[in-house]
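In what follows, residues are counted from 1 in the order of the sequence shown.
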Amino acid sequence: MQRVRFSSQQSPVHKLGDPQMTLSPKFRLAAVQSSLANPSPELEHSLREEPLIPSLPDDVALNCLLRIPVQSHSACRAVCKRWHMLLGNKERFFTNRKQFGLKDPWLFVFAYHKCTGKIQWQVLDLTHFSWHTIPAMPCRDRVCPHGFRCVSIPNDGTLYVCGGMVSDVDCPLDLVLKYEMHKNRWTVKNRMITARSFFASGVIDGMIYVAGGNSTDLYELDSAEVLDPLNGSWRPIANMGTNMASYDAAVLNGKLLVTEGWLWPFYVSPRGQVYDPRTNNWENMAVGLREGWTGSSVVVYGHLFVVSELERMKLKVYEPETDSWEAIEGPPLPEQICKPFAVSACDCHIYVVGRNLLVAVGHISRLKPKESCKEKWNFGVRWNVIDAPECLSDLTPSSSQVLFA
């Protein structure tokens, strides 16, 4: 296992947006930007006569400059006026990256302070391993971090935060917030039909599904609904058939899998439901799937993996043919990653964020099938650990998502 170290001096936490970006009491983004950050058409036209990089065509030079790490933008803005225009405005920078088809993964971690409970988002650039902050979410101060559900549409660079719970009165919320990476901005969207907390969520074919959870009278819900991000409207879908709060959920083969999870000690068998949007029907989850789902899940290579939260076990994968779970080859989760942790995935990598925002990166590899079972793939994992700056040592993760920008 390789350990990647970053001290607080080597890896400060950078602000992803403009230094002037703040949120007003009405939660509107207020920016007092210079004329170079928001140039007039006349100024922009006059500056085009000045090359971005001498002796290079502008399109080639722009392709180079759009690869500069965000933490280096402050120094690079001093090179010339055109560099200041490009690198001094993050919306312009990330919009240009999107137009050029440049996409790098960023790990967004929804965390809270261990003592104060204050919520915040911290962002890890997975290419350059630098930490950044984004504007605060426009929501109430005293909320329970675990009551929210966060989902993302990675290739669009968008993140949605739904529901939640006011911590001092245990009141679920119908809140819906959207973050756009290329704008570095939160917006308030249409509210959910039903206020809920501790519910299931997932994205299927670009549609955002939520189901179950706790209601305003603290009873568990059986209702479910779906959001179309294009028109911002919610509509109800078939009820789950059982009232259930969600411990974890995953999208596998175009279906939403919802489990209420184990409760220690194991007095009762956990329940689980599976929703198929093509038929708008729910069905009971297979016994082996729900009984072995003992941790946080991700989907890699079209298979469901779980990082167990009961004990320090190896990563395990679900085998639908036998309705069973198998440990994959390789070491268990590194000991530095302490519970509670948040799990997400991108391509063949699993990201496990533990207390103090230490991040374990697990590379999942597909191994050749054994001769005795040629149709079955085996999997292995190797782990690297990324240290976080000292200033993040009091933070505990609640959720994590990967976006591309």
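Atom-to-atom distance recorded for Y318:OH and S324:OG is 7.5 Å, nearest 0.5 angstrom. Between atom OG of residue S399 and atom CZ of residue F108 there is a gap of 12.5 Å, rounded to the nearest 0.5 Å. The CG atom of L221 sits 12.0 Å away from atom OG of S246, with the distance rounded to the nearest 0.5 Å. To the nearest 0.5 Å, atom CD of residue E225 and atom CD1 of residue I237 are 8.5 Å apart.
Residues forming a salt bridge (Lys or Arg N to Asp or Glu O under 4.0 Å) with E283 (at least two apart in sequence, or on another chain): none. With sequence neighbours left out, the ring pair (Phe, Tyr, Trp, His ring centres under 6.0 Å) criterion links F198 to no other residue. Under the rule for a salt bridge (Lys or Arg N to Asp or Glu O under 4.0 Å), the partners of D174 that lie at least two apart in sequence or sit in another chain are R191. For D104, the salt bridge (Lys or Arg N to Asp or Glu O under 4.0 Å) partners are R97, not counting sequence neighbours.
In the model, Q71 has a side-chain atom that pairs as donor or acceptor with a side-chain atom of S130 under 3.5 Å. Q120 and T133 are not linked by any side-chain donor-acceptor pair at a separation below 3.5 angstrom, with hydrogens and angles left out of the test. K316 and T294 share a donor-acceptor pair across their side chains, judged by distance under 3.5 Å alone. Between the side chains of Q273 and N284, a donor-acceptor pair is found at a separation under 3.5 Å. Side-chain polar atoms of T242 and D222 form no donor-acceptor pair below 3.5 angstrom. Q401 and Y179 share no donor-acceptor pair across their side chains, judged by distance under 3.5 Å alone.
Checking side-chain atoms of Q122 against main-chain N and O of F110 turns up no donor-acceptor pair under 3.5 Å. Judged by distance alone, with hydrogens and angles left aside, the side-chain atoms of N96 form a donor-acceptor pair with the main-chain N or O of R92 at under 3.5 Å. With hydrogens and angles ignored, the 3.5 Å screen pairs a side-chain donor or acceptor of W383 with a backbone N or O of P331. Remark: the backbone N or O of L52 is paired with a side-chain donor or acceptor of W83 at under 3.5 angstrom. For the pair K118 (side chain) and C115 (backbone), a donor-acceptor distance under 3.5 Å is absent. Between the H84 side chain and the R82 main chain, no donor and acceptor come within less than 3.5 Å of each other. Although no hydrogens or angles enter the test, the distance criterion places a donor-acceptor pair under 3.5 Å between the side chain of R149 and the main chain of F199.
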**Asked** Stepwise, does the side chain to side chain donor-acceptor pair (under 3.5 Å) test hold for D248 with S296?
**Response** CA-CA 6 Å; D248 195 26; S296 300; 5.2 Å; no
**Request:** Could you walk me through whether L358 and I386 pass side-chain contact (heavy atoms from CB on, under 4.5 Å), step by step?
**Result:** CA-CA 6 Å; L358 295 179; I386 303 172; over 6 Å; no
**Asked** ring-ring contact (aromatic ring centres under 6.0 Å, His included) between F93 and H73: does it pass, once the steps are laid out?
**Response** CA-CA 10 Å; F93 177 78; H73 285 191; 4.4 Å; yes
**Prompt:** Could you go step by step and tell me if R278 and K255 meet the side-chain contact (heavy atoms from CB on, under 4.5 Å) rule?
**Reply:** CA-CA 9 Å; R278 293 165 293 189; K255 297 181 180 180; 3.7 Å; yes
**Trace of the side chain to side chain donor-acceptor pair (under 3.5 Å) decision for T216 with R196** = CA-CA 7 Å; T216 53; R196 60 184 81 220; over 6 Å; no
**Prompt:** Yes or no on side-chain contact (heavy atoms from CB on, under 4.5 Å) for W131 and D125, after CA distance, side-chain angles and deciding distance?
**Reply:** CA-CA 6 Å; W131 285 92; D125 180 344; over 6 Å; no
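Paired with F305 under the rule ring-ring contact (aromatic ring centres under 6.0 Å, His included), one option of W293, W325, F379 passes, and it is F379.
Across every non-hydrogen atom of V402 and P105, the tightest pair is CG1-CB, 4.1 Å. L175 and C139 make their closest contact through CD2-CB, 3.6 Å (heavy atoms, listed as atom of the first residue, atom of the second, distance).
Applying the ring-ring contact (aromatic ring centres under 6.0 Å, His included) test to pairs two or more places apart or on separate chains, those with a residue in residues 327-367 are H349-H363.
Taking 4.0 Å as the cut-off between side-chain N and carboxylate O, R271 and E220 count as a salt-bridged pair.
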Would you give me the side-chain donor-acceptor pairs under 3.5 Å for residues 154-161, sequence neighbours excluded?
none

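In this structure, R382 places its CZ atom where only 12 or fewer heavy-atom neighbours from other residues, nucleotides or ligands lie under 6.0 Å away. Residue-environment remark: CG (N231) exceeds the threshold of 12 foreign heavy atoms within 6.0 Å.
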